[in-house]
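Written below as structure tokens is the structure these notes are about.
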Amino acid sequence: MLLLQNIGLPPQEWDFNVPSWSISVEMVMSLVFYSVIRRKYKFDWIVLAVCASATYALMGLKNLESNENYFSVLNVGLVRGAAGFAMGAASRLVVARYGFPVPLVRRSEPVLMGLLLALFFVRVPTPWFYLAFAVTSLFAVTATVLNDRGSMLSFGPLVFLGKISYSVYLLHIPVLYTATAIFGAEAVRGLVAKMTMLVIIIALSTACHRWYEIPAQRWLLARLPKGRVREVDFGVARSK
């Protein structure tokens with residue numbers, strides 16, 4: 001309830017819905033990043049990219065799970081969250097400063113995204129591998145943003161999956177556990193069982209997004225004081 005399940009506090013154990021480890025990380029890192037970027041400091045994308053790359057390299061020193069701590073005090077999940085936020089911020093600044101049409105960069109998007117996916121699934125636990133993943137992430141995300149509507153991620157089905165992705169993230173493990181409890185571990189390992197669970201997960205996630213996420217967002221936004229909604233743009237906070 002306090003969103004403290006994965007920030008390095010004991011007992012550092014997985015909870016029932018394992019993917020929820022990142023919710024506390026996202027919340028903490030969002031608050032930290034907001035408190036930093038709302039101040040009038042001038043951040044440079046190179047500094048952010050170097051910090052993110054160094055942080056990714058740190059993850060390759062020890063092959064630890066996200067609920068564990070480096071040196072007993074620095075949570076792996078928070079390290080991953082900080083690296084992701086910093087790399088995203090670096091990409092944002094690159095696009096803002098150099099976001100003019102670059103045909104070569106735009107054409108390279110499929111290659112970069114393919115390489116990024118390959119690195120994501122291979123996962124070699126070494127600092128050099130994580131460093132390569134970080135650099136590829138920066139270029140792949142930047143190329144995707146520069147492509148705008150021409151991006152691979154603008155493809156309709158992928159946009160739809162993006163909309164329901166958070167519900168998919170939180171619902172797929174409960175669906176798997178429920179199916180395992182009812183039918184047994186062996187029964188859910190077959191191709192037909194996996195495809196059936198995939199359909200169920202997408203259906204439940206679509207319903208959750210439509211009838212829970214969207215209404216909840218509207219309910220919260222309707223109760224914000226008018227004129228108090230603020231947009232933060234790397235050091236410049238302005239009222240809408």
Side-chain angles (χ1 to χ4, degrees), residues 6 18-19 21-23 25-26 29-30 33 43-66 70 75-170 172-173 194 198 201-202 205 234:
N6 195 65
V18 175
W21 71 265
S22 70
I23 298 178
V25 171
E26 292 159 9
M29 293 312 305
S30 293
F33 244 72
F43 288 94
D44 192 277
W45 70 272
I46 296 177
V47 174
L48 287 167
V50 169
C51 290
S53 299
T55 307
Y56 273 108
L58 173 64
M59 288 189 281
L61 290 175
K62 292 184 178 181
N63 191 22
L64 300 178
E65 295 291 338
S66 294
Y70 292 115
N75 180 250
V76 178
L78 287 178
V79 169
R80 290 178 61 183
F85 268 89
M87 193 59 78
S91 179
R92 162 70 177 81
L93 288 175
V94 169
V95 172
R97 294 181 185 177
Y98 316 108
F100 48 85
V102 184
L104 180 61
V105 174
R106 291 190 171 189
R107 293 195 198 102
S108 67
E109 184 205 4
V111 177
L112 290 169
M113 289 299 291
L115 178 59
L116 186 62
L117 284 172
L119 292 173
F120 178 80
F121 285 109
V122 171
R123 293 286 184 93
V124 180
T126 64
W128 287 109
F129 176 85
Y130 279 98
L131 184 60
F133 181 83
V135 174
T136 305
S137 298
L138 175 63
F139 284 102
V141 171
T142 303
T144 299
V145 176
L146 287 174
N147 270 338
D148 195 25
R149 297 291 180 178
S151 167
M152 296 166 54
L153 299 182
S154 294
F155 182 52
L158 293 181
V159 173
F160 168 74
L161 288 176
K163 288 180 178 179
I164 66 170
S165 60
Y166 201 67
S167 290
V168 170
Y169 183 61
L170 292 179
H172 75 280
I173 291 297
K194 290 179 180 179
L198 178 61
I201 290 167
I202 291 177
S205 299
F234 291 88

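We number each residue from 1, following the sequence as shown. Just so you know, these numbers come straight off a predicted model, no measurement behind them. We use all heavy atoms of the structure for the numbers below, so side chains are in, but hydrogens, waters and symmetry mates are not.
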Can you check whether Val76 reaches Glu65 side chain to side chain, under 4.5 Å on heavy atoms?
no

Which is it for Glu26 and Ser22 under the side-chain hydrogen bond (donor to acceptor under 3.5 Å, both in side chains) test, yes or no, and what are the steps along the way?
CA-CA 6 Å; Glu26 292 159 9; Ser22 70; 3.2 Å; yes

Minimal non-hydrogen separation, Val25 against Gly81, with atom names
CG1-CA, 3.8 Å

Check whether Ser165 reaches the backbone of Gly162 with its side chain - one donor and one acceptor, N or O, closer than 3.5 Å.
yes

Could you give the distance from OG1 (Thr55) to CZ (Phe85), rounded to the nearest 0.5 Å?
13.5 Å

Expected output: side-chain Tyr130 to main-chain Leu58 donor-acceptor under 3.5 Å:
no

Quick check: does any side chain N or O of Asn6 sit under 3.5 Å from a backbone N or O of Ser66, one acting as donor and the other as acceptor?
yes

Which pair of non-hydrogen atoms, one from Pro19 and one from His172, has the smallest distance, and what is that distance?
CG-CE1, 3.5 Å

Heavy-atom nearest pair, Val168 first then Ile201, reads CG1-CG2, 4.1 Å

Would you compute the distance between atom CD1 of Ile46 and atom SG of Cys51 and round it to the nearest 0.5 angstrom?
11.5 Å

Thr144 to Leu153 - nearest heavy-atom pair and separation:
CG2-CD1, 3.7 Å

Restricting to non-hydrogen atoms, name the atom on Ala143 and the atom on Ser108 that form the minimum distance, rounded to 0.1 Å.
CB-OG, 4.4 Å

Are Val159 and Lys163 side-chain neighbours, meaning at least one heavy-atom pair lies under 4.5 Å?
yes

Is any side-chain heavy atom of Leu48 closer than 4.5 Å to a side-chain heavy atom of Met87?
no

Side-chain touch Val122/Val124, heavy atoms, less than 4.5 angstrom:
yes

Under the 3.5 angstrom rule, does the side chain of Glu109 hit a backbone N or O of Met152 as a donor-acceptor pair?
yes

Rounded to the nearest 0.5 Å, what separates atom CG in Leu161 from atom CZ in Phe155?
10.0 Å

Rounded to the nearest 0.5 Å, the CG atom of Leu117 sits from the CG atom of Leu112 at a distance of 11.0 Å

Taking C-beta and beyond as the side chain, do Met59 and Pro127 meet within less than 4.5 Å on heavy atoms?
no

Heavy-atom side-chain contact between Phe133 and Thr136 under 4.5 Å:
no

Check Tyr56 against Ala134 and note the closest heavy-atom contact, atom names and distance.
CD1-CB, 3.3 Å

Non-hydrogen side-chain atoms of Val135 and Phe139 separated by less than 4.5 Å:
yes

A side-chain contact here means heavy atoms from C-beta on lying under 4.5 Å apart; do Val95 and Thr142 qualify?
yes

Determine whether more than 12 heavy atoms belonging to other residues, nucleotides or ligands lie under 6.0 Å from atom CZ of Phe120.
no

